[in-house]
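Let me begin by presenting the structure, written as structure tokens, before commenting on it.
Note that these values count all heavy atoms, side chains included, but never hydrogens, waters or copies made by symmetry.
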Amino acid sequence: MSRTDLSVAQARRIALAAQGFADRVPSGAPTMAHLRRVIGRTRLFQMDSVNIAARAHYLPLFSRLGPYDQALLDRAAWRPGRGERLLVEYWAHEAALIPMGDWPLFGWRRDEFRDGRYRYTRDVMRRSRVLAGDVHAVIAEDGPSTPRQIEDRLGIERPAGTPGGWWHRGEVKHVCEAMFAAGDLSATRNENFMRHYDLTERVVDADNATRQVDRADAHRELTARAASALGVATVADLADYYRTKTADVRPAVDDLVARGDLTPVTVEGWRDQAYLDPTAKIPRKIDRSAILSPFDPLVFFRPRAERLFDFHYRIEIYVPEHKRVHGYYVLPYLLGDDIVARVDLKADRKAGSLLVLAAYLEDGRPEPEVAERLAADLTSMAGWLGLHRVEVAEVGNLAAALGGAVGRS
């Protein structure tokens, strides 16, 4: 079979290698060099506030490196100390940590978000220009600040009992969000995942903060980065990676094909034209296992996960409990070059337990092998999270075998 006609099995191995699952796992404690290698593969870490097991941005490193000190990521993004800040938060694939050097590639998006991402936020911003100036002045003087701290400095009081939802967070919060989206402010996070807004020039280095990139050039570079991270991809896959429009991606793809940086290919079972990164590797075998975040770049575009792995996945956090099929916070499980199971996890930090609330085997997968490998990986994950045991509830068609394997491990 020629390199321009790929079986779906080859496409899977290409995708896994592109995402770092063919790289060697560190024999010792992972270092900043390992983090650099992973972000060089994935190009971003999607963020999410849910902390039922572990926050989403910490999991891709665990999936690829095994247990590591989470302070490694904190230093790279928020607390560099005397070191270099490697990552910065911005709207990439939703809220995400991206390499500092990629900040200029989103200048067009910051222009589009000049008054914020959402209509309500834009409405607040347009009637609150004076407040925006006051917020900027407070942050300039006080340094990184939360909206509540800014309100206190400005003497703004909200009525007691104000709900805590997004639309009730007060004008200062919406102004901060609009200024963040526009790039006037950047942000760091504390241990509780709370944003502290700061002047962009104090977070993003001067070269990247001031560098301007033409819109078409930026889309071409982002499309090339997405292609490298995916290995083989359709236009829809490439557009989703940074949540760009297909109308911007198509001409970028044409340019990349013309200069030899993408190769049109056909993939078995894929309806749409695919494109191969010419530097992509096709390993003969993937011999890895990994518990994946629902927001891991390998699976965060659900149509692609179905095409690659025949894996139908929908996150059910926002589904009423009685309507959930698999559970609240369900993580896919990779074994070799296949997604073979899914587990609903919860970290009971008070009891020191990693709870497997449900465990499901995908159709036709080998139950004994999956149970044994998953038990070992859950035990490793529990240790990484500072938990002492794994407890498996009797829910799901893999629960009995997994519970037995955990008991033997």
| Can L6 and W270 be said to form a side-chain contact (heavy atoms from CB on, under 4.5 Å), step by step? | CA-CA 10 Å; L6 302 171; W270 288 20; over 6 Å; no

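- A donor-acceptor pair under 3.5 Å is absent between the side-chain atoms of T42 and the main chain of G40, judged by distance alone.
- Looking at F62 and S380, their side chains come closer than 4.5 Å, going by heavy atoms from C-beta outward.
- Contact check for P104 versus N208: side-chain heavy atoms found under the 4.5 Å cut-off.
- In terms of modelled atom types and a separation under 3.5 Å, the side chain of Y242 and the main chain of F106 share no donor-acceptor contact.
- Side-chain rings of Y241 and F300 approach one another, their centers coming within less than 6.0 Å.
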| task | Check the pair V124, Y120 against side-chain contact (heavy atoms from CB on, under 4.5 Å), reporting the backbone distance first and the verdict last. | result | CA-CA 6 Å; V124 171; Y120 183 85; 3.7 Å; yes

Can I get a per-line list of side-chain donor-acceptor pairs under 3.5 Å for residues 24-32, giving both atom names and the distance, sequence neighbours left out?
from: T31; atom 1: OG1; to: A33; atom 2: N; distance (Å): 3.3
from: T31; atom 1: OG1; to: H34; atom 2: ND1; distance (Å): 3.1

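- Smallest separation of non-hydrogen atoms from P294 and Y313: CB-OH, 3.3 Å.
- Of the possible polar contacts, none joining the S228 side chain to the A224 backbone as a donor-acceptor pair under 3.5 Å is found.
- Distance alone, capped at 3.5 Å, places no donor-acceptor pair between the R13 side chain and the I282 backbone.
- Put simply, the side chain of M179 reaches to within 4.5 Å of the side chain of M125, judged on heavy atoms.
- Looking at R85, its side chain does come within 3.5 Å of a backbone N or O of A77 through a donor-acceptor pair.
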| request: Verify salt bridge (charged side-chain N to carboxylate O under 4.0 Å, His left out) between D277 and R225, making sure each step is shown before the conclusion. | output: CA-CA 10 Å; D277 176 2; R225 281 161 168 71; over 6 Å; no

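- Put simply, NE2 on H136 and CD1 on I150 are 11.0 Å apart, with the number rounded to the nearest 0.5 Å.
- Counting only heavy atoms from C-beta outward, the side chains of L185 and D198 never approach each other to under 4.5 Å.
- Atom CZ of R304 sits about 4.5 Å away from atom CG of L230, to the nearest 0.5 Å.
- Using a 4.0 Å cut-off between charged side-chain N and carboxylate O, R129 and D115 make a salt bridge.
- In this structure, the side chains of W384 and L59 come closer than 4.5 Å at one or more pairs of heavy atoms.
- In this structure, R117 satisfies the cation-pi test against W91, with its NZ or CZ atom closer than 6.0 Å to the six-membered ring centre and inside 45 degrees of the ring normal.
- For R127, the CZ atom sits in a packed shell: over 12 heavy atoms of surrounding residues, nucleotides or ligands are nearer than 6.0 Å.
- Side-chain contact check for I291 versus Y333: some heavy-atom pair is nearer than 4.5 Å.
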| request: May I have the step-by-step check of side-chain contact (heavy atoms from CB on, under 4.5 Å) for R189 and H196, ending in yes or no? | output: CA-CA 6 Å; R189 302 268 184 170; H196 285 65; over 6 Å; no

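- For L73 against L35, the heavy-atom pair with the smallest separation is CA-CD1, 3.9 Å.
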| said: Using salt bridge (charged side-chain N to carboxylate O under 4.0 Å, His left out), reason through R64 and D296 one step at a time and then give a plain yes or no. | reply: CA-CA 11 Å; R64 291 156 179 80; D296 192 289; 2.8 Å; yes

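- Annotation for R36 and I39: closest pair O-CG2, 3.3 Å, computed over non-hydrogen atoms.
- Salt-bridge annotation for R12 and E268: absent, with no side-chain N of the basic residue lying under 4.0 Å from a carboxylate O of the acidic one.
- Nearest heavy atoms, M100 versus L87: CE-O, 4.1 Å.
- Within 6.0 Å of the CG atom in D217, the count of heavy atoms belonging to other residues, nucleotides or ligands exceeds 12.
- From Q273, atom CD reaches atom OG1 of T266 across 7.5 Å, with rounding to the nearest 0.5 Å.
- Judged by distance alone, the side chain of E367 and the main-chain N or O of L361 form no donor-acceptor pair under 3.5 Å.
- The CH2 atom of W78 lies 6.0 Å from the CZ atom of F193; values are rounded to the nearest 0.5 Å.
- Under a 4.0 Å N-O distance rule, the pair R259/D261 qualifies as a salt bridge.
- With hydrogens and angles ignored, the 3.5 Å screen pairs a side-chain donor or acceptor of H93 with a backbone N or O of D240.
- Separation of atoms CD1 (I339) and CD (E306) is listed at 11.0 Å; rounding is to 0.5 Å.
- Residue V343 forms a side-chain contact (heavy atoms from CB on, under 4.5 Å) with just one option from L354, L374, L357, L355, and that option is L374.
- Put simply, the side chain of D338 never gets that close to the backbone of V340: no donor and acceptor are under 3.5 Å apart.
- Considering only heavy atoms from C-beta on, V235 comes within 4.5 Å of Y275 through its side chain.
- To the nearest 0.5 angstrom, Q46 atom CD is 7.0 Å from D48 atom CG.
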Quiz: residues 245-258 side-chain donor-acceptor pairs under 3.5 angstrom, not counting sequence neighbours:
from: D248; atom 1: OD2; to: R215; atom 2: NH2; distance (Å): 3.1
from: D255; atom 1: OD2; to: R220; atom 2: NH1; distance (Å): 3.0

| field | side chain to side chain donor-acceptor pair (under 3.5 Å) evaluation trace for Y197 with E177 | value | CA-CA 9 Å; Y197 296 91; E177 280 294 299; 2.4 Å; yes

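- The two residues I52 and R349 have their closest heavy-atom pair at O-NH1, 4.1 Å.
- Using a 4.0 Å cut-off between a side-chain N of Lys or Arg and a carboxylate O of Asp or Glu, R109 and E112 do not qualify as a salt bridge.
- In this structure a side-chain-to-backbone donor-acceptor pair under 3.5 Å is present from R324 to E316.
- Both the sub-6.0 Å distance and the 45° axial angle are satisfied by R110 relative to the ring of Y90.
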| Residues L385, Q70; criterion side-chain contact (heavy atoms from CB on, under 4.5 Å); working and verdict | CA-CA 9 Å; L385 295 174; Q70 293 182 17; 4.0 Å; yes

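- At least one side-chain heavy atom of E362 sits under 4.5 Å from a side-chain heavy atom of R342.
- Other residues, nucleotides and ligands contribute only 12 or fewer heavy atoms inside 6.0 Å of the CG atom of D363.
- Under the 3.5 Å distance criterion, with hydrogens and angles disregarded, no donor-acceptor pair is assigned to the side chains of Y329 and N51.
- Residue V267 comes nearest to V8 through the heavy atom pair CG1-CA, 4.3 Å, listed as atom of the first residue, atom of the second, then distance.
- At least one donor-acceptor pair closer than 3.5 Å links the side chain of R288 to the backbone N or O of S63.
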